[in-house]
Amino acid sequence: MREIFAGMPWWVKWIAVPVIALVVFGGLITSIVAFVVGLLFKVLMFVALVGVLVFVVRKFMASSGSSRSDW
């Protein structure tokens, strides 16, 4: 393989071959990137929702605990 590319101009190695690879595998690359971004978004949403839930429960427990001690 190295011998084949040795006789080629630089633009074939560094421009034409990557462009052809992007055209051939572009859909696959796009779907993988979309999956990773979607998964990252879902993980961040999960972490945010769990954080809000913990905050609300702690706030509720603190307010209900102080009102019980007032009785």
Identify whether [X] and [Y] are in the same connected component of the hydrophobic contact network (ILVMFWY, side-chain heavy atoms under 4.5 Å).
X: Met45; Y: Val47; result: no
X: Leu22; Y: Val33; result: yes
X: Phe55; Y: Val57; result: no
X: Phe60; Y: Val52; result: no
X: Val17; Y: Phe25; result: no

Residue pair Lys13 / Met8: nearest heavy atoms and the distance that separates them: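 Heavy atoms of Lys13 and Met8 come nearest at CE-O, 3.9 Å.
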
If you take all heavy atoms of Pro18 and Ile15, which pair is closest and at what distance?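 Here Pro18 and Ile15 meet closest at CD-O, 3.4 Å.
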
